[in-house]
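Accompanying notes for the structure given below.
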Amino acid sequence: MTSPLVRMAVLSGVAVAVGGITALGAIAFVDAVAWLNDALLVSPRARVQVEDRAALVAAATVLVPTLGGLLVGLLLRHGAIEGRPLGPPDAIRAVQTRGALPSVRSGVVSSLAAALSLGCGASVGQYGPMVYLGTLFGALAARVRTPVRNLRTIAIGCGVAAAIATAFNAPIAGLVFAHEVILRHYSIQAFAPTTVAAATGFVVANVVFDRPALFLVAFDGVAHGYEFPLFALVGVLSALLAVGFMRLLLAAPALAARLRLPAVLRPALAGLAVGAVALALPDVLGIGTEALRFATIEGAFAPWELALLIAAKIALTALCLGWGFAGGVFSPALLIGILFGALLWTGFDGLLGVPNSGLVVYAICGMMALTSPVIGAPLTTILIVFELTHSYDLTIAAMVAVVFSNLVSYQLLGRSLFDVQLARKGVDLSAGRDRALLDAVPVARLIHTDMPRAAADERVGAVLDRLAAAGRAEAPVIGEDGRFLGLLRAQDARDREDAKAGALARRGAVVLAPDTSVWEAMAALDGFVGDAAPVVDHDGRLAGMVTEAAVIGAYLDTVHDLRREENAGA
């Protein structure tokens with residue numbers, strides 16, 4: 001048994017290493033995107049410098065995202081084994097089901113494709129790729145042989161925590177995000193190293209490289225008590241918009257499939273749409289950091305501009321992500337939310353004439369109320385507000401909006417966009433991690449093949465003798481072509497010893513396939529009576545038998561293992 005001192009030393013070393021490497025990778029990723037934005041005339045600063053060359057700006061606005069989309073499509077098709085970009089759902093699936101991550105090659109290609117997508121102005125986010133980058137570094141670190149249990153899960157949590165801490169200069173939010181979204185449990189064994197990793201990422205970003213904050217705002221406090229119901233209303237309305245946004249994101253890939261356009265060309269078509277819209281509305285390009293910052297300044301956008309930009313950003317983000325660009329949904333959700341909060345404030349302030357505390361608090365409430373249900377991280381979004389603004393009053397206001405937003409969105413759609421995407425791929429996390437793990441284990445791992453068998457033309461008496469010798473009450477009957485015909489039960493064969501086994505074989509109520517999950521087998525075996533259930537291949541041949549005891553044992557082993565992991569000490 002590994003001593004606590006050895007575990008602590010290993011986990012601390014992994015946390016510092018993964019946190020530092022992830023922070024450097026995240027900073028390099030952001031800087032590469034910024035360089036591409038400037039070089040390709042995507043960023044507002046670069047466009048202003050050549051504003052006297054209108055034809056060049058217009059050509060770059062349309063051609064850069066279009067050609068960039070073509071390159072992304074080619075890169076993913078020929079470079080990534082899975083042929084698609086990777087993101088937080090892949091990290092969640094690997095941790096929650098203990099399944100294998102996609103290949104390192106696919107992870108590297110996906111990160112490059114995301115940097116190219118963002119660099120050419122696609123309406124996608126940077127935080128999802130950064131989270132997967134942290135996942136990749138964590139998984140690589142876990143390949144080192146150590147005596148620590150669950151090192152892979154903990155190392156991935158460290159990478160994710162460091163990525164968020166670096167991205168937002170918010171180590172507490174990074175720590176909570178890793179536990180809230182990826183690990184989905186709290187234990188000292190995981191909590192301590194992810195804390196170290198998040199702190200390491202923050203030090204690298206904020207102390208070593210002095211990275212700027214996402215935005216800076218000034219807020220004097222909530223001026224009127226009746227505004228808290230308004231913050232709740234912002235949360236409810238933001239939830240409705242978030243649900244619509246997520247449904248559009250989920251529907252976009254199906255729309256692309258119906259058009260029967262080659263997958264490699266879909267990002268280019270989405271890029272063309274982005275470029276065309278950007279000719280009139282350049283703020284839709286890329287991450288939209290400048291628009292996000294201006295959204296907290298009174299008078300920066302007219303109400304109609306806010307509404308138009310919200311609609312365009314929602315539609316283009318769904319188009320880009322659904323049609324093959326690589327990137328995340330976190331950044332677009334932040335921008336859509338802050339613009340929506342600002343739009344709601346114009347209604348409260350201008351149309352209704354309600355005295356209020358100013359634009360900033362409503363914009364921030366909208367930003368976090370819309371983002372939190374999309375990523376499934378209400379605590380993280382609340383902490384981001386506090387760590388970015390250092391304002392207790394602003395955090396409390398955002399908390400009210402976030403709570404009501406999540407209450408509404410959970411009822412309408414579920415915990416998050418990531419969970420819905422995973423559920424559509426057969427990984428349902430709504431019933432708990434134990435179900436996700438059992439859904440990932442096929443009954444083929446539990447079968448035994450040492451049971452007495454009977455040939456279809458064999459005399460029943462001979463089969464009964466073998467059953468008696470083995471202490472069994474039934475035998476599978478196999479036909480001349482090797483296919484499973486059914487079970488011969490001893491109680492059905494009494495006084496018919498001269499009959500053929502095939503004549504008395506019964507298919508039975510429960511027949512499983514090798515890829516049937518343990519969870520599905522538990523449901524199928526409810527009320528089952530017999531020695532064991534047959535497991536039959538898709539070609540009709542018997543693979544073996546599985547007992548109720550084996551299925552229940554697998555369930556208990558999984559539950560006990562989860563409890564040990566979730567309650568383990570450092």
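We count residues from 1, following the sequence as given.
- Applying the side-chain hydrogen bond (donor to acceptor under 3.5 Å, both in side chains) test to Asp90 and every residue at least two apart in sequence or in another chain returns Arg84.
- Considering all non-hydrogen atoms of both residues, Asp419 and Arg184 come closest at OD1-NH2, 2.6 Å.
- When the side-chain hydrogen bond (donor to acceptor under 3.5 Å, both in side chains) test is applied to Ser405, no partner is found at least two apart in sequence or on another chain.
- With sequence neighbours left out, the side-chain contact (heavy atoms from CB on, under 4.5 Å) criterion links Val284 to Val277, Ala278, Leu281, Leu309, Ala312, Leu316.
- Residues passing the side-chain contact (heavy atoms from CB on, under 4.5 Å) test with Leu248, sequence neighbours excluded: Ile314, Ala318.
- Taking each heavy atom of Val181 and Ile375 in turn, the nearest pair found is CG2-O, 3.8 Å.
- Residue Phe168 holds its CZ atom at 8.5 Å from CZ of Phe177, rounded to the nearest 0.5 Å.
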Taking only distance into account, with no hydrogens and no angle test, what donor-acceptor pairs under 3.5 Å do side-chain atoms of residues 120-141 form with protein atoms, sequence neighbours excluded?
unit_1 : atom_1 : unit_2 : atom_2 : d
Ser123 : OG     : Lys313 : NZ     : 3.2
Ser123 : OG     : Thr317 : OG1    : 2.8
Thr135 : OG1    : Val131 : O      : 3.0

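- At least one donor-acceptor pair closer than 3.5 Å links the side chain of Thr296 to the backbone N or O of Arg293.
- Residues satisfying the salt bridge (Lys or Arg N to Asp or Glu O under 4.0 Å) criterion with Arg45, sequence neighbours excluded, are Asp38.
- For Asp557, the salt bridge (Lys or Arg N to Asp or Glu O under 4.0 Å) test picks out no residue, with sequence neighbours left out.
- Contact between Met246 and Val374 at its shortest, heavy atoms only, is SD-CA, 3.7 Å.
- Residues passing the side-chain contact (heavy atoms from CB on, under 4.5 Å) test with Ala326 are Pro85, Ala113, Ala114, Ser117, sequence neighbours excluded.
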List the atom pairs, donor and acceptor, that lie under 3.5 Å between side-chain atoms in residues 17-28 and the rest of the protein, sequence neighbours left out.
unit_1 : atom_1 : unit_2 : atom_2 : d
Thr22  : OG1    : Val18  : O      : 2.7

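- Under the rule for a side-chain hydrogen bond (donor to acceptor under 3.5 Å, both in side chains), Ser110 has no partner lying at least two apart in sequence or in another chain.
- Of all the heavy atoms in Trp323 and Ala252, the pair that sits closest is NE1-O, 3.4 Å.
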**Request:** Go through the steps for Val196 and Ser12 under the test side chain to side chain contact (heavy atoms under 4.5 Å, CB included), then give the verdict.
**Result:** CA-CA 7 Å; Val196 173; Ser12 297; 5.5 Å; no
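- The minimum heavy-atom distance linking Ala295 with Ile338 is given by the pair CB-CG2, 3.8 Å.
- Among residues two or more places apart in sequence or in another chain, the salt bridge (Lys or Arg N to Asp or Glu O under 4.0 Å) test is passed with Asp31 by Arg211.
- Each of Asp439, Leu446, Leu437 was checked for a side-chain contact (heavy atoms from CB on, under 4.5 Å) with Val518, and the lone residue meeting it is Leu446.
- In this view, Thr380 and Glu180 satisfy the side-chain hydrogen bond (donor to acceptor under 3.5 Å, both in side chains) rule, not counting sequence neighbours.
- Proximity of a side-chain donor or acceptor of Glu387 to a complementary backbone N or O of Ala173 within less than 3.5 Å is detected.
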